[in-house]
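The structure appears right after this line, and notes come after that.
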Amino acid sequence: MVTTDKYNPHELEPRWQKYWEQIGLLTATESQTGAKKAYILVMFPYPSGDLHMGHLKNYTMGDLLARFRSQQGYSVLHPFGWDAFGLPAENAALKGGVSPADWTFANIQQSKESLSLMGIRYDWSREVTTCLPDYYKWNQWIFLKMYERGLAYRKKSYVNWDPVEQSVLANEQVIDGRGWRSGALVEKRELEQWYLKITDYAERLLCDLDKLPRWPEKVKAMQRAWIGKSTGAEFGFQVKGHDTQIRVFSTRPDTIFGATFMVLAPEHELVAQITSPDQKAAVEAYVAATRMKSEVERQLEDREKTGVWTGAYALNPASGKEIPVWIADYVLSGYGTGAIMAVPGQDQRDWEFAEKFGLEIIRTVQPPPDFSGKAYLDDGPAINSGFLDGLHLEDAKQRIIAWMEEQGIGEGKVNYRLRDWLISRQRYWGTPIPMIHCDSCGIVPVPYEQLPVELPALRDLDEIRPKGKSPLAAHPEFYQCHCPQCDGKARRDTDTMDTFVDSSWYFLRYTDATNTSLPFDPKKASFWMPVDQYIGGVEHAILHLLYSRFFTKFLHDIGMVQAAEPFEGLFTQGMVQGWTDVGEVELLGSDHLRFKSPDLRARLEIPETLSLEEARKSGAELRVHQDGTTHFWKAATMSKSLGNGVMVGPFVKEQGADIARITILFAAPPENEMIWTDEGVQGAWRYLNRVYRMVAENLVELKAQGEYNPALLEVTDKGLYQKLHQTIKKVTEDIEALRFNTAIAALMELLNALGDYRKEQGVTPLYRHAVLCYLQLLAPFAPHLAEELWHEFHHSSVFGAPWPSLDEAALVADRFELVVQVSGKVRGKTTVSALASEEDIKRLARELPNVQQHIVGKEVVKEIYIPGKLLNIVVKI
RNA sequence: GCCGGGAUGGCGGAAUGGUAGACGCUACGGACUUAAAAUCCGUUGCCCGCAAGGGCGUGUGGGUUCGACUCCCAUUCCCGGCACCA
């Protein structure tokens, strides 16, 4: 009940949270009536404990959309869960002496409390926790299905080894040659590991990006680049004196006549075989040196080309020339065939190599006369190219590929940069790989009825400590087993799966989270999928989003779900920043400052000394603290380690959840980063307080009003009625387009208009009607306050009432403000009737005194009239 | 270097090719108050002017148009991603 004149969020908010719980608001049910469905999903988090406002931004947006769709009568699915396997739990266990499971569940509990304090509603009956056997059982199930179809396989190769994590990493998890989590330089190790054959889906993962108009262009571009499709040809060069070929891939087979040497990756399998005795020592030294180098070192060398001749020659099948075969680390073993034909005339890297080692350079494409560069990469007529001479790039390509196919030398080929996904991890806190190694039968899958293969309990937390071998290998009770085929003694695989497997299909599990016989019922999944709006951080643009698309396509192919893409709409929200005390500084002279302590300064990549001008430009502020010291403050992404997070619990208890929600949503467009400030909070408070008072201060009069009848519209009511419907339209469209900041601005405008109206007309039936619509429009943004005020007039939830319907006719005003321009400059304004004829309007416009001044004595060349808006009178100068 | 996205008041940001700066923050002035906070009212792009009004103004230079923040060409700078991928 509204009993005071004071908006008191911490009193009213818990009441409505309890109420929503009681009425089961946003509990998802598959519609039986043909109502539209809306699957609103936020990226599930790693359960890291206490949440700050930075964590809450995307959950707030998801909650808003879920409530909005629910008001519109959709069947809404708005679930939540926990990406609970992974390294932080292991690290915490080693540090704090708590088991990964206990640590994880304690964090989940704490995070849940923060979410409910913010009034964020999920259908908790569908909660998914990936570290529970009833979830990861289905990781194993999907893995076995992939294995059956040849999409999960074991391979020995050089893999990325993280020396800190003591585990292998997928290519996607190596950034700038360093482990994505540990930051350690990644080493190459030859190991036999499990892979998922995502490359089989490369083409579909690429093409289907075009079917996702509601994805950010940026994310699609990143995925396209990662998949890295290139079209060309693969063909062979005979090695002189050996009964073997070097296969190469090239996107420019048309330049083959200019191939004056070849280069193999140092790791190429033919290197040892073709190296001549007198070059053997040099080659072996180079190969060994390459192996010692990390990826980062390879990049740091500023691309200065290095290489060694193998002593071998190959035969250029087009020119017939004998060309030397070199090895060099600028050719990568993992791409294409690990060998290239070098065409220095048309490739900058080959040019540099040829220049450095004095190799022949032949141009096979005629550059334009003004061309002054080295290698020429663009189109032009072919030269020095036998039967290709005179042909342009595309024609030459087609011609040479046809020739290669005729001659049996090679064929057209498409290559992808995408590699198969290495999923084995030598860690404890993950899904055991459901495979058995039997001496007589080889690799045997665990039968479906024996799933899940459960993680054994730890005897001692120290077992988790990275040793380069899976901790499960120290658990005989885990790995000792019988072969499902011959019943002989066998050994389980002791590696666990990459935790990105867990997040690659969790959105499907939500559609049927308690199923015990399948990962999910295909009917239920097909009802809800695809996700209509997915919200999360752009940092998942490649890894998680690509893997999820791959899994969905696979599950689609085996008939588990109709959708072939998981996420119809994707939104990547901007981060929340908080003001951060970077550290104490001292002034150097009049215009520079220097940090006294290094801690946060280095982490935020701020130089130790900088000018005041640079500091100002970077958005920093100098603040004098109470003890007289000067500190450098700067906005930075909220995080636990920077200590700049506004914690949810304390904030909500002191200020209120609705205030936090409005602060987050109004400060900036949601895709931009926003800075959390006290002023922003103040503004949100003022706004909600005004809404509260709009109702509370006029409660008795409001309740005394009868129902509003739009047929009896008073002349004095037209303005407000129009504004109301403009706002209904604007707010509806803005929410659908995720423009929450402008939706709130429109609500503020309507609030101002309501205030003006009441001052003039008092509380009328229209006023009451508009106030009630206002509460409905406000409800997705500030649900507690809207529900509180709504209940003064109704006995059921505002979220159960149908979304206000738009009266299109109300949008058309009967008077409008005509803008009069003379030669494109605004010279006057006048209010005219919408029914006025064009002639009348032109006459009225010319009568305006200021317009007169600008047209008098001048010839009017023409007049342009935009009905309902503007008249431009163009005069001759 | 390549790809994606930007550049608008003191700040966050609004603007289907049609009044640039909505909405809010800050600041300033006023009311209420013993006082402060809160609240309410007003001003707030820059320049000239007592005013009416005028000039300038959306990174820069050009173009299209009656009219350009918006479209086209060129260019600078900023942010993000990728980068020896043949």
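Proteins get letters first, then strands, A, B, ... in listed order; numbering begins at 1 in each. Just so it is clear, the values below take in all heavy atoms, side chains as well, and ignore hydrogens, waters and symmetry mates.
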Could you tell me how far apart [X] ([atom1]) and [N] ([atom2]) are, to the nearest whole angstrom?
X	N	atom1	atom2	result
A/D254	B/A86	CG	P	14 Å
A/D756	B/C40	CG	P	13 Å
A/E217	B/G80	CD	P	20 Å
A/R827	B/G67	CZ	C1'	14 Å
A/R417	B/A86	CZ	P	6 Å
A/M222	B/C79	CE	P	17 Å
A/E267	B/C84	CD	C1'	14 Å
A/M694	B/C40	CE	P	14 Å

Give me the distance, rounded to whole Å, that separates [N] from [M] when you measure between the [atom1] atoms they each carry.
N	M	atom1	result
B/A22	B/G29	P	23 Å
B/G21	B/C73	P	29 Å
B/G55	B/A20	P	12 Å
B/G30	B/U19	P	37 Å
B/G13	B/C25	C1'	11 Å
B/U26	B/U44	C1'	10 Å
B/G9	B/C72	P	23 Å
B/U8	B/C23	C1'	16 Å

Would you say the side-chain atoms of A/T310 and A/Y286 include a donor-acceptor pair closer than 3.5 Å? no
Taking atom types as modelled, find out whether A/Y757 and A/N752 have a side-chain donor-acceptor pair closer than 3.5 angstrom.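 A/Y757 vs A/N752: no donor-acceptor pair found between side chains.
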[N] OP1/OP2 closer than 4.0 Å to side-chain N/O of [X]:
X	N	answer
A/H854	B/G54	yes
A/K825	B/C56	yes
A/R224	B/G4	no

Do the ring centers of A/F571 and A/W215 come within less than 6.0 Å of each other?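 Between A/W215 and A/F571, which both carry aromatic rings, the centre distance is not below 6.0 Å.
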Is the distance between the ring centroids of A/F353 and A/F261 less than 6.0 Å? yes
Mind checking if A/W685 touches a base, just sugar-phosphate, or nothing, with heavy atoms under 4.0 Å?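 Sugar-phosphate, no base atom in range.
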Reckon A/N850 touches a base, only the sugar-phosphate, or nothing at all at heavy-atom distances under 4.0 Å?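 Here A/N850 touches the backbone only, sparing every base.
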Both distances under 3.5 Å, Watson-Crick or G-U wobble: report the partner of [N], or none.
N	value
B/A51	none
B/A22	none
B/U65	none
B/C56	B/G45
B/G4	B/C79

Where the chi angle of B/G61 falls, syn if within 90° of 0 and anti if not: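 Base orientation: anti.
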For every nucleotide of nucleotides 13-26 of chain B, 5' to 3': is a protein heavy atom under 4.0 Å from its base (B), only from its sugar-phosphate (S), or from neither (-)? SS-B-BB--BBSSS
Most 5' of A/A221 and A/D350 on RNA chain B, judged by nearest nucleotide: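 This one resolves to A/A221.
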Would the number of heavy atoms belonging to other residues, nucleotides or ligands and lying under 6.0 Å from CD of A/E269 be above 12? no
Check whether more than 12 heavy atoms from other residues, nucleotides or ligands sit under 6.0 Å from atom NZ of A/K842, and answer yes or no. yes
Residues A/D210, A/R224: salt bridge by 4.0 Å N-O rule: yes
Donor-acceptor pair (no angle test) under 3.5 Å: A/K218 side chain, B/C3 base: no
Flag this pair as yes if the NZ/CZ of A/K229 is under 6.0 angstrom from the six-membered ring centre of A/Y416 and inside a 45 degree cone about the axis; otherwise no.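 Not flagged: A/K229 not positioned over aromatic ring of A/Y416.
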Measuring from A/K634:NZ to A/E621:CD, what's the distance to the nearest 0.5 Å?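 CD of A/E621 is found 11.5 Å from NZ of A/K634.
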